[in-house]
Structures are given as C-alpha cells and as structure tokens.
**Q** 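Let me give you the structure first, and then I'll get to my questions.
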Protein chains: 2
Amino acid sequence: MVSPRRIGSPDAKNRAVLIDAAERLMLEHGYAAVTSRRVAEKAELKPQLVHYYFRGMDELFMAMFRRRAEAGLEVQARALKSPQPLWALWRFGTDPADAALWSEFIALANHRKALRAEIAYYAERYREEQTKAVASVLERAGIGPAELPPVVAMVLMTSVSRVLVLEDALGMSAGHAETFELVERYLRRLEGEPA
Amino acid sequence: MVSPRRIGSPDAKNRAVLIDAAERLMLEHGYAAVTSRRVAEKAELKPQLVHYYFRGMDELFMAMFRRRAEAGLEVQARALKSPQPLWALWRFGTDPADAALWSEFIALANHRKALRAEIAYYAERYREEQTKAVASVLERAGIGPAELPPVVAMVLMTSVSRVLVLEDALGMSAGHAETFELVERYLRRLEGEPA
DNA sequence: GTCTATAATCAGATAGAC
DNA sequence: GTCTATCTGATTATAGAC
C-alpha cells in the first residue's frame with residue numbers, strides 16, 4: 001500500500017487554519033521557514049497535526065498555492081469585467097504581497113515537479129483570460145494583432161509589473177518612475193484616464 | 001566581543017571549493033538544500049569547515065552572490081563593448097542557469113536584509129552600465145529620450161527576458177513565440193540583423 | 001593558520017491512543 | 001474521524017586539538 005496512514009478531511013476547520021498559518025509564515029520568513037513545527041505553533045496546534053492533514057510538506061505547499069490561485073482567478077475575473085480592464089490588471093499586477101508570495105513559490109517550484117506543473121497550469125489560465133479580455137480593448141483602440149498581438153501585450157505587462165514590484169521590494173528605483181510614466185501614458189492612450 | 005571565533009582567510013583554496021559546491025547545490029536543489037553538511041559533502045570536506053570559513057550560512061550565501069555578481073559584471077562589460085550591445089544583452093538575459101540562480105537569490109533576499117542590499121547594489125550597477133551603452137544605440141537609431149528613455153529600454157528588456165526564461169523553466173509557452181518575434185523585430189530595427 | 005569532536009537544537013514522519 | 005507520544009535523523013554552531 002502506498003499510503004496506509006489516515007488523513008484528515010479536506011474541509012476540516014483545522015486544515016484551513018494550518019494553511020492560513022503556513023501562508024503567513026511564508027510571507028514573513030520565506031518558504032524555508034515553513035516547517036511542520038513552526039506552522040503548528042503559529043496555528044496554535046500540535047506539530048503532528050500537520051502530518052495528519054497533509055501527507056508531507058509538499059502537499060501543504062500545494063494546498064497553499066491552489067487556494068491562492070483559485071481566489072486570484074476570481075479577483076482577476078472581476079477586474080477584467082471592469083470598464084478599464086488594462087488599468088485594473090496593471091494595479092492588480094503591482095500588488096507587493098502577491099509578488100512576494102509569487103517569488104517564494106517560483107523558487108520552491110524550481111525543484112518540485114508537481115508544484116511546477118500546478119503553477120504553469122494556473123499561470124496559463126490567468127494569461128488566457130487576460131488575453132481574451134484585452135483583445136477587444138486593443139481592437140477598439142485601433143491596434144491590430146499584426147502590430148501588437150493581445151497575448152504579447154499581456155506578456156509585456158505581466159513582465160514589467162512583476163519586475164518593478166520585485167525590484168522595489170529590493171530597494172531599487174533606477175528607471176522605475178520613467179517606466180511607470182511610459183506604461184501609464186500607453187494605458188491612457190488605450191483606455192483613457194483611470195477612474 | 002562579537003565574534004571571538006577564528007575564521008579562515010578569504011583566499012584559502014578550500015573556501016573557494018566550498019563556494020563552488022554551494023553554488024552547484026543551489027542550482028540543482030534550491031537554496032534550502034544549501035546546508036553546511038551537504039555543501040561539505042559535495043566539496044568532499046568536513047561539515048565543520050563551513051563554519052570555519054564562514055560565520056554562518058548567511059555569510060556563505062553572501063560570498064556566493066558576490067562572486068557571481070562580479071563575474072557577471074565583467075561578462076556584461078564585454079557584451080556592451082560589442083558592435084551590437086542590445087543583441088548581446090538580449091542573449092545574456094535569456095540564459096536559463098543565470099535565471100534559476102537569480103530566482104533563488106531573490107527568494108532568499110526577501111528575508112535577509114544584508115543580501116537584499118547587496119543584490120540591489122549590483123543590480124543598479126548592471127543597469128547603470130547598460131543604460132550608458134544603450135543610450136548611444138538609441139540615439140543613432142533616431143529614438144530620442146522623450147520617446148524612449150534608455151533606462152526604460154533596459155527595464156523593459158530585463159523584465160521581458162527574465163519573465164520569459166522563468167516561465168519557460170516552468171513549462172509555459174503561451175505568448176512566448178509572439179513576444180520573441182516582436183522583441184527581435186524591434187532589435188533588428190535598432191541594430192540590424194544579429195551577427 | 002587549518003581542521004575536528006561534540007554539544008544543543010530542530011526536522012519530518014508514524015504508530016497508536018482517544 | 002481527530003489528535004498525541006515518540007522515534008530517527010539532520011542542522012547549526014562552538015570549544016578546543018593539531
């Protein structure tokens with residue numbers, strides 16, 4: 001038998017409490033600080049409970065990521081329905097807390113196949129929905145797919161916002177103000193002044 | 001006294017051997033795998049030697065980063081002297097091994113002040129030298145700083161290359177080919193066909 | 001100046017009690 | 001179905017030997 005040990009039900013209250021604790025720990029001290037003992041301490045539960053609700057630490061990381069990713073998809077869906085989806089995405093992409101968690105998960109995923117696949121899966125879904133919504137904005141602004149394919153617009157915007165936030169967290173600033181200005185000038189051209 | 005313990009000299013042979021081992025370990029299994037024992041094992045030395053040459057693991061990480069960063073500055077300086085600095089930077093920025101180490105250091109730096117400052121310091125130096133070199137390329141191509149400030153060109157190029165490489169490592173591909181095409185079309189306009 | 005023996009702590013995991 | 005007592009091994013760090 002592969003897994004003779006029993007496991008707690010997916011919607012037990014303490015399971016969610018543990019994920020909450022793990023998330024805060026990861027944000028405050030990085031993924032390496034997410035150990036069964038520390039998670040339990042933060043959740044005010046016994047360390048062994050982590051192993052009751054999750055087969056191992058990897059499964060906990062996976063649960064953390066999936067919960068965040070699903071919530072994010074809903075937030076993005078609302079943003080894309082707004083009258084100014086590009087402005088909404090731009091603000092969405094420059095949120096510092098999200099960026100910090102993102103870089104932790106990326107580093108973790110570098111060496112964990114299952115998590116890597118999960119991140120790729122969700123990231124493609126985010127991009128797919130962005131692309132669909134943005135296509136019509138570009139069309140309305142008279143920018144054809146030959147000049148700028150919608151998916152490229154999303155790759156560029158994602159890249160720039162992510163790197164700016166990340167560098168900002170590092171304490172860097174060279175070129176940031178000028179880049180913000182250029183991006184926002186372009187957004188104004190496409191969607192007008194932000195609401 | 002803050003540090004009564006003795007420490008190995010900075011250019012002892014085994015010190016470099018330990019940094020080599022740590023770097024390979026970080027690349028292969030992530031920063032969390034860089035423990036004194038594993039580093040020593042890979043270097044074929046005793047674990048306690050790590051603590052002889054470095055005050056703690058943080059100092060080892062710092063030494064790793066600094067050595068890489070200095071070497072990278074020299075590589076970049078050569079790239080910037082080439083007849084096509086933008087093409088050279090573009091290739092430079094899309095190297096997968098560099099990208100993997102970069103994301104490990106970023107995640108580490110999220111929670112270590114000294115490393116964070118060191119990364120910011122070097123990153124600003126990289127950008128500064130890029131900006132100086134690229135300014136004349138843009139000028140020659142008739143693109144004034146009002147249209148595209150050189151530093152913004154570098155922020156954009158860095159961002160896009162980094163995210164593309166990172167997503168590629170994740171197994172993502174949506175929008176990549178199209179983005180590559182657009183970037184390289186632009187580079188051709190500025191510097192002509194790559195050598 | 002270089003390295004080792006050893007301490008003190010913390011990690012993940014599981015069998016078994018309620 | 002929920003939780004605990006406990007094992008086994010890894011990790012950092014230091015005092016002291018060569």
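Residue numbers start from 1 in every chain, and the chains themselves are labelled A, B, ... in the order their sequence lines are given, proteins ahead of strands. Note that the structure is a prediction, hence the values are computed from the model and not measured.
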**Q** Within a 6.0 Å radius of atom CD on A:E184, are there more than 12 heavy atoms belonging to other residues, nucleotides or ligands?
**A** yes
**Q** Given atom CZ of A:R15 and atom C1' of D:dC3, what is their separation to the nearest angstrom?
**A** 17 Å
**Q** Write down the distance between NZ (B:K13) and C1' (C:dG1), rounded to a whole number of angstrom.
**A** 16 Å
**Q** Could you pull out all residues at least two apart from A:D58 that satisfy salt bridge (Lys or Arg N to Asp or Glu O under 4.0 Å)?
**A** A:R112
**Q** Does B:Y52 put a side-chain nitrogen or oxygen below 4.0 Å from OP1 or OP2 of C:dC3?
**A** no
**Q** Could you check which residues of residues 31-49 of chain A get a heavy atom under 4.0 Å from DNA chain C? Sort them by number, please.
**A** A:T35, A:S36, A:R37, A:R38, A:Q48
**Q** Nearest whole angstrom, please: distance from the P of D:dT11 to the CG of B:D58.
**A** 16 Å
**Q** Which whole-number value in Å describes the distance from A:L25 CG to C:dA11 C1'?
**A** 14 Å
**Q** Could you list the residues that satisfy ring-ring contact (aromatic ring centres under 6.0 Å, His included) with B:F61, not counting sequence neighbours?
**A** none
**Q** Below 4.0 angstrom from OP1 or OP2 of D:dC3, is there any side-chain N or O of A:Y53?
**A** yes
**Q** Are B:N14 and C:dC3 close enough that a side-chain N or O sits under 4.0 Å from OP1 or OP2?
**A** yes
**Q** Please name all residues satisfying side-chain contact (heavy atoms from CB on, under 4.5 Å) with B:D20, sequence neighbours left out, ordered by chain then number.
**A** B:R67
**Q** Measuring to OP1 and OP2 of C:dA13, would you say a side-chain N or O of A:H51 lies under 4.0 angstrom away?
**A** yes
**Q** Could you tell me which residues satisfy salt bridge (Lys or Arg N to Asp or Glu O under 4.0 Å) with B:E193, sequence neighbours excluded, listed by chain and number?
**A** B:R188
**Q** Roughly, in whole Å, what's the span from CZ in A:F54 to C1' in D:dC3?
**A** 15 Å
**Q** Calculate the interatomic distance between A:L60 atom CG and C:dG12 atom P; express it in whole Å.
**A** 10 Å
**Q** Sequence neighbours left out, what passes side-chain contact (heavy atoms from CB on, under 4.5 Å) with B:A22? Give chain and number order.
**A** B:V34, B:V39, B:L60, B:M64
